[in-house]
Amino acid sequence: MSALHNRKDPIDLLVVGGGINGVAIARDAAGRGLSVLLVEQDDLAAHTSSASSKLIHGGLRYLEQYEFSLVARALAERDVVLNSAPHIVRPLRFVLPHEPHLRPEWMIRAGLLLYDHLGRRRAHTLLRSRRADLRDHVAGAPLKAQFETGFIYSDAWCDDARLVVLNALDAQARGAEILTRTRCMRARRGARTWRAQLRGAAGMLRDVEARALVNAAGPWAASFLDQVAHVPHAHALRLIKGSHIVVRKLYDHPYAYTFQQADRRIVFAIPFERDYTLIGTTDIEFTGKPEAVRIDDDEIAYLCAAANRYFTRAIAPADVAWSYSGVRPLLEEGGIRASEVTRDYLLDFDDAAGAPLLNVFGGKITTHRRLAEDALDRLAPALGSLRGAWTADEHVHLPGGEFADAQRSGEAAFDHFLLATRRRYPWLPDDLALRYARAYGTRIERVIGAASTLADLGERFGADLHQTEVDYLVREEWAHSADDILWRRNKLGLRFDVKERQRLEQYLGVESNR
Ligand SMILES: Cc1cc2nc3c(=O)[nH]c(=O)nc-3n(C[C@H](O)[C@H](O)[C@H](O)COP(=O)(O)OP(=O)(O)OC[C@H]3O[C@@H](n4cnc5c(N)ncnc54)[C@H](O)[C@@H]3O)c2cc1C
């Protein structure tokens with residue numbers, strides 16, 4: 001914060017929004033030598049970027065909508081992200097059970113071959129797709145007997161909220177300043193610079209001057225232009241709500257399922273946090289305020305019914321252990337179904353009407369890095385940076401992912417790292433070593449500090465959350481509240497009871513923002 005007060009010159013870039021797109025842009029810009037300030041009104045990833053299905057995928061269903069270039073670009077990104085953050089991103093095999101209302105088997109097979117082909121650009125390739133007889137495959141066991149044939153294909157899974165934090169950490173390490181709980185209240189465009197008023201925690205106001213502004217406000221991108229920056233624009237956003245439910249695990253193997261519903265929506269069932277199954281999503285029009293998005297009873301009933309069509313073990317609304325909702329900020333295309341609006345993004349760059357403005361409309365977690373690179377390819381020359389794109393380099397990792405090297409990448413590298421972690425900290429219980437290795441990668445050292453016994457990790461608040469981890473998250477990862485820690489830096493909220501949570505809140509000394 002002090003750097004803000006001391007700065008005399010205008011900063012190069014003010015980024016509004018600490019979701020995946022804002023932090024990725026801040027990271028790329030800082031790496032190109034630009035001075036960057038990012039402001040997020042809540043916590044990092046507080047909104048859409050922690051409410052996704054958490055898939056790093058090409059989007060098999062977009063092939064049906066002939067969005068080949070979107071799928072190809074997303075699949076290329078899948079490799080880049082798997083390589084750069086092998087701790088929080090991992091390959092996941094999906095099973096698509098065949099049903100009479102789907103396309104014929106040969107056509108699905110052909111679509112999957114195309115998907116494999118589009119995804120085979122780089123050295124880091126995933127297992128190919130194949131047909132499976134579900135009557136004697138482990139993934140067939142929890143399904144009803146009518147599902148005899150399935151198709152198995154690869155994609156990847158990612159902890160979305162941690163991906164945001166890692167991008168922010170990297171941006172900061174490269175010189176960017178990241179202010180959470182700081183809202184951009186007003187932005188006025190001059191001929192050469194923007195002047196913005198920011199309101200931080202405790203209502204503190206401050207003014208900043210920036211040579212360019214990035215509007216990465218996600219579902220608020222249009223209202224930011226209308227109400228904060230007062231800039232006319234031609235693009236409308238269509239807000240589409242998607243919700244997920246989490247239930248006790250419905251099966252005990254590592255495959256995820258892709259269930260294509262008769263209404264053409266896709267519902268995924270994904271192994272989640274060791275003991276749970278994540279089921280989602282819905283896709284419905286949303287006209288409320290993005291901050292007010294909540295799952296409703298109809299969505300819970302829809303997702304339970306969807307799961308019950310396939311699994312032998314039936315679930316009911318009372319089985320829902322947790323749920324979350326988000327709104328996709330999609331580009332309005334007029335009159336088409338919510339599930340068929342393009343997931344592609346649009347970068348709207350304008351430097352004719354004054355100081356440069358770049359608006360981000362749409363996008364996916366999967367393509368965040370590419371979106372940021374495209375954004376900087378437009379912004380950097382306008383700001384006089386001559387440094388080119390750098391984030392796709394296979395030697396560039398997100399913080400904690402540096403254990404991958406020329407010999408090992410992806411899961412092989414992670415397994416090797418986990419083994420080394422267990423040897424280095426033999427006193428860490430196995431599950432905790434795995435959780436730390438997944439969440440923090442090589443940054444585990446900063447979490448554990450000088451501890452050499454379990455007792456050295458300090459107070460245990462609940463589940464396996466200890467004091468040193470909480471202190472690290474507050475000190476280094478912008479965590480303030482219990483929700484920041486229990487639902488975004490990790491998902492231990494699933495395992496905390498009310499008393500444990502209250503004790504954590506007391507320790508943090510802040511009121512819960514939930
Ligand atoms: C249900 C669902 C499932 C999805 N599944 C997937 C998936 O599996 N894979 C995938 O690749 N993508 C998926 N997506 C898409 C992906 O989640 C989004 O495209 C992405 O998270 C959008 O990120 P963002 O940074 O644009 O928006 P956000 O994450 O919403 O970030 C915008 C931020 O701007 C902040 N902000 C707004 N106004 C201001 C202001 N005035 N001052 C300061 N801060 C401000 C907000 O607080 C917010 O945090 C899914 C989306 C949904 C809703």
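Order of appearance sets the numbers: ligands from 1, and atoms from 1 within every ligand. Numbering starts at 1 and runs along the sequence shown. Given the structure is predicted, the values throughout are model-derived calculations rather than measurements.
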Identify the protein heavy atom lying closest to [atom], giving its residue, its atom name and the separation to 0.1 Å.
atom	answer
atom 27 (O) of ligand 1	G218 CA, 3.5 Å
atom 6 (C) of ligand 1	S52 CB, 3.5 Å
atom 5 (N) of ligand 1	S53 N, 3.0 Å
atom 28 (P) of ligand 1	T48 OG1, 3.5 Å
atom 34 (O) of ligand 1	G17 CA, 3.2 Å
atom 38 (N) of ligand 1	A217 CB, 3.7 Å
atom 40 (C) of ligand 1	V16 CG1, 3.5 Å

For Y153 and F94, take the angle between the two ring planes, folded into 0 to 90°, and tell me which bin it lands in: parallel under 30, tilted 30 to 60, perpendicular over 60.
parallel
Please work out which of the three classes, parallel, tilted or perpendicular, describes the rings of H244 and Y324, given edges at 30° and 60°.
parallel
Of all the atoms in ligand 1, which lie at a distance below 4.0 Å from a heavy atom belonging to [X]?
X	value
H47	30 (O), 46 (C), 47 (O), 48 (C), 49 (O)
C184	40 (C), 41 (N), 42 (N), 43 (C)
A216	32 (C), 34 (O)
K54	8 (O)
G326	53 (C)
L55	7 (C), 8 (O), 9 (N), 10 (C), 11 (O)
T281	1 (C)
H244	1 (C)

Between ligand 1 and [X], is the shortest N or O to N or O distance under 3.5 Å?
X	answer
E40	yes
G363	yes
I365	yes
P219	no
N21	yes
W220	no
I20	yes

Is there side-chain contact between [X] and [Y], with at least one heavy-atom pair below 4.5 Å?
X	Y	result
L213	L358	no
L383	L13	yes
V81	H368	yes

Could you work out, for atom 22 (C) of ligand 1, the closest of G19, S49, G280 by heavy-atom distance?
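Looking at heavy atoms only, S49 sits closest to atom 22 (C) of ligand 1.
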Of the listed options (R328, H368, M185, Q41), which comes nearest to atom 3 (C) of ligand 1 when hydrogens are ignored and any heavy atom counts?
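Considering heavy atoms of R328, H368, M185, Q41, the nearest to atom 3 (C) of ligand 1 sits in R328.
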Would D483 and R488 count as a salt bridge (Lys or Arg N to Asp or Glu O under 4.0 Å) if you check the C-alpha gap in whole Å, the side-chain angles of each, and the deciding distance to 0.1 Å?
CA-CA 7 Å; D483 278 348; R488 287 183 286 276; 5.4 Å; no
Scanning both residues in full, the closest heavy-atom pair of G218 with L237 reads O-CD1, 3.6 Å
Closer than 4.0 angstrom: is that true for some heavy atom of L198 and an atom of ligand 1?
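No, L198 has no heavy atoms under 4.0 Å from ligand 1.
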Should V327 be listed as contacting ligand 1, given a heavy-atom distance under 4.0 Å as the test?
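It does; at least one heavy atom falls under 4.0 Å.
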Row check, Y115 ring normal vs R61 NZ/CZ: under 6.0 Å, within 45°:
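Relative to the ring axis of Y115, which defines the angle, R61 lies outside at least one limit.
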Six-ring centre of F259, R265 cation under 6.0 angstrom, axis tolerance 45°:
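No, R265 and F259 do not form such a contact.
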If you measure from NE2 on H87 to CZ on R162, what distance do you get to the nearest 0.5 Å?
7.0 Å
In this structure, is the centre-to-centre distance between the rings of [Y] and [X] below 6.0 Å?
X	Y	value
Y440	Y472	yes
W157	H57	no
F68	Y62	no

Ligand 1 contact on V228 by region, counting heavy-atom pairs under 4.0 Å:
neither
Part of P329 with heavy atoms under 4.0 Å of ligand 1, whether side chain, backbone, both or neither:
neither
salt_bridge([X], [Y]) N-O dist < 4.0 Å:
X	Y	answer
R378	D374	no
R183	E40	no
R438	D159	no

